[in-house]
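Residue numbers start from 1 in every chain, and the chains themselves are labelled A, B, ... in the order their sequence lines are given, proteins ahead of strands.
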There are 2 protein chains.
Amino acid sequence: MTVDNTRLDAMVERLRCQGHRISPQRLEILRELAGSPDHPSAEALHRRLLARFPAMSLATVYKTIAALKQCGEILELQFSDRDNRYDAIRPTPHPHCICLECGAVTDPPAPDMERFVASLVASSGYAISSHRLDFFGLCPRCRKKRGI
Amino acid sequence: MTVDNTRLDAMVERLRCQGHRISPQRLEILRELAGSPDHPSAEALHRRLLARFPAMSLATVYKTIAALKQCGEILELQFSDRDNRYDAIRPTPHPHCICLECGAVTDPPAPDMERFVASLVASSGYAISSHRLDFFGLCPRCRKKRGI
DNA sequence: CTTACTGCAAAAGCTTTGCATCCGT
DNA sequence: ACGGATGCAAAGCTTTTGCAGTAAG
């Protein structure tokens with residue numbers, strides 16, 4: 001796993017500023033997040049961490065995610081029919097592609113999103129503070145598998 | 001409530017085609033959906049229907065929603081931290097504005113969305129079949145209340 | 001030392017499912 | 001009459017919470 005230490009340090013620093021403490025478990029969760037560009041679920045994170053931290057509780061993962069949310073250091077993609085997915089590498093809103101077959105979540109190249117968001121912010125009458133842009137379909141691998 | 005009878009008839013017809021039956025309860029749920037542009041939750045629908053159908057079960061509402069989903073006649077906006085919301089008036093994907101204070105969900109004017117979606121579909125490598133565009137913030141009313 | 005964090009288990013909350021009965025078609 | 005729909009209650013699942021013990025700062 002390739003951990004982005006700059007990002008890891010930023011998360012640690014931000015948590016500390018907000019009065020959170022950094023336990024060994026928490027540090028390991030942050031490290032895992034900093035090295036996971038695949039938008040893992042809480043359960044997936046927990047599974048990966050168990051190898052290095054056999055006693056880690058799933059509740060601890062959720063509590064650390066809650067702390068990161070409170071600091072604005074993680075982006076939560078909510079789903080009601082499957083696990084939520086998390087992106088702590090790019091915690092500000094950006095588009096995602098979600099594969100309906102394998103569940104992969106990826107960051108697509110974002111073509112002139114700025115202008116699109118800006119125009120909507122201007123025309124909606126809302127004071128927009130964040131957004132969510134999800135595109136559902138088949139990822140390249142699953143397309144190939146199906147010959148589409 | 002202003003029911004769009006054209007839309008209501010279309011839903012009934014589509015359900016029938018797919019082998020579903022139209023009970024009095026179901027017809028009333030469809031009528032309520034056709035007259036609800038506010039993207040109600042299942043529970044909100046149920047609450048409104050109880051006035052006219054005191055014995056209506058929440059499970060029946062969910063089962064009718066499931067039938068509509070299967071027919072592509074309803075758009076489900078999933079949330080993991082609150083009730084899902086439903087739009088049976090415009091069942092194809094379109095942008096939404098969601099108020100973080102009062103929970104209102106509205107359809108904003110959609111400025112050159114076509115081009116944005118098209119460019120992403122082209123650049124992502126995915127075979128995109130649907131999308132979800134949510135904008136979170138304060139609705140005009142809640143802005144006013146707060147003086148923002 | 002003070003107060004947050006951990007891990008476990010229980011609770012919460014929305015949605016789905018099983019089942020006996022009822023009713024469209 | 002057949003097969004789907006209803007209503008009730010129970011089950012399912014993910015996420016949150018309570019608590020006693022532990023440890024970070």
Side-chain angles (χ1 to χ4, degrees), chain A residues 11-33 39-47 49-50 52-71 73-86 103 105, chain B residues 11-33 39-47 49-50 52-71 73-86 103 105:
Chain A
M11 285 193 276
V12 169
E13 179 57 18
R14 181 63 73 88
L15 285 172
R16 280 225 165 88
C17 285
Q18 303 277 118
H20 298 286
R21 292 174 184 175
I22 307 299
S23 67
Q25 291 95 325
R26 187 160 281 189
L27 184 59
E28 206 54 32
I29 295 171
L30 299 182
R31 193 192 308 284
E32 187 64 44
L33 280 167
H39 309 75
S41 64
E43 203 272 336
L45 275 172
H46 182 236
R47 198 176 333 109
L49 288 158
L50 277 182
R52 279 169 282 158
F53 239 106
M56 163 105 44
S57 162
L58 180 55
T60 297
V61 175
Y62 275 112
K63 283 166 183 169
T64 296
I65 287 171
L68 288 168
K69 279 202 279 184
Q70 189 245 310
C71 297
E73 290 293 321
I74 196 169
L75 185 68
E76 179 178 65
L77 300 180
Q78 302 186 340
F79 300 94
S80 74
D81 64 349
R82 66 188 105 169
D83 294 18
N84 292 348
R85 306 283 289 257
Y86 297 93
V105 177
Chain B
M11 287 193 275
V12 169
E13 179 58 18
R14 181 65 72 90
L15 285 172
R16 282 226 164 88
C17 284
Q18 303 276 117
H20 297 286
R21 291 175 185 173
I22 307 299
S23 67
Q25 292 95 325
R26 187 159 281 187
L27 184 59
E28 209 51 35
I29 295 171
L30 300 182
R31 192 190 311 282
E32 188 63 45
L33 280 167
H39 309 74
S41 64
E43 202 271 335
L45 275 173
H46 182 236
R47 196 175 337 107
L49 287 158
L50 277 182
R52 279 169 284 158
F53 239 109
M56 164 106 41
S57 162
L58 180 55
T60 297
V61 175
Y62 275 113
K63 283 167 183 167
T64 296
I65 287 171
L68 288 168
K69 281 203 278 183
Q70 189 244 309
C71 296
E73 291 293 321
I74 195 168
L75 185 67
E76 180 180 63
L77 300 179
Q78 301 187 340
F79 300 94
S80 74
D81 63 350
R82 69 189 100 170
D83 294 18
N84 292 348
R85 307 282 290 256
Y86 297 92
V105 178

- Query: Is the shortest side-chain N/O distance from Asn84(A) to OP1 or OP2 of dT15(D) below 4.0 Å?
  - Reply: yes

- Query: Which atoms form the tightest heavy-atom contact between Ile74(B) and Ile65(B), and what is the distance?
  - Reply: CG2-O, 4.0 Å

- When rounded to whole Å, the CZ to P distance for the pair Arg26(B) and dA5(D) reads 4 Å

- Across all chains, not counting sequence neighbours, the side-chain contact (heavy atoms from CB on, under 4.5 Å) partners of Arg21(A) are none

- Query: Is Arg82(B) near enough to dG13(C) that one of its side-chain N or O atoms lies under 4.0 angstrom from OP1 or OP2?
  - Reply: no

- Output for pair (Ser57(A) OG, Leu49(A) CG), nearest 0.5 Å, gives 11.5 Å

- Heavy atom of residues 18-25 of chain B under 4.0 Å from DNA chain C: which residues? Arg21(B), Ile22(B), Pro24(B)

- Task: Write down the distance between CG (Leu49(B)) and C1' (dG7(D)), rounded to a whole number of angstrom.
- Result: 15 Å

- Length of the CG-P vector between Leu15(A) and dC5(C), whole Å: 9 Å

- Axis deviation across the helix from dC1(C)-dG25(D) to dT25(C)-dA1(D), five-pair ends, to the nearest 10°: 40°

- Query: For Asp83(B) and dC13(D), what is the distance between atoms CG and P respectively, to the nearest whole Å?
  - Reply: 20 Å

- Taken to the nearest 0.5 Å, the spacing of Leu30(A) CG from Glu73(A) CD works out to 10.0 Å

- Nearest-angstrom distance from the residue atom CD of Glu76(A) to P of dT14(D): 15 Å

- Specify the separation, in whole Å, of atom CD of Gln78(A) and atom C1' of dC14(C). 13 Å

- Item | For Gln78(B) against Asn84(B), the heavy-atom pair lying closest together | CA-OD1, 3.3 Å

- Tell me which residues in residues 55-67 of chain A put a heavy atom below 4.0 Å from DNA chain C, sorted by number, or none. Ala55(A), Met56(A), Ser57(A), Ala59(A), Thr60(A), Lys63(A)

- Taking salt bridge (Lys or Arg N to Asp or Glu O under 4.0 Å) as the test, write out the residues that go with Arg47(A), two or more places apart. Glu43(A)

- Flag, side chain of Arg14(B) to backbone of Cys71(B), donor-acceptor distance under 3.5 Å: yes

- Item | Exam field: side chain Arg85(A) to backbone Phe79(A), donor-acceptor pair closer than 3.5 Å | no

- Where do Ile29(A) and Leu68(A) land on the side-chain contact (heavy atoms from CB on, under 4.5 Å) test, with the steps shown first? CA-CA 11 Å; Ile29(A) 295 171; Leu68(A) 288 168; 5.8 Å; no

- Whole angstrom is fine here: how far is it from NZ in Lys69(A) over to C1' in dT15(D)? 9 Å

- Whole-Å gap separating C1' (dC8(D)) and NE2 (His46(B)): 11 Å

- Task: Mark yes or no for whether Arg52(B), through its side chain, and Glu28(B), through its backbone, hold a donor-acceptor pair below 3.5 Å.
- Result: no

- Item | His39(A): ring pair (Phe, Tyr, Trp, His ring centres under 6.0 Å) partners, not counting sequence neighbours | His96(A)

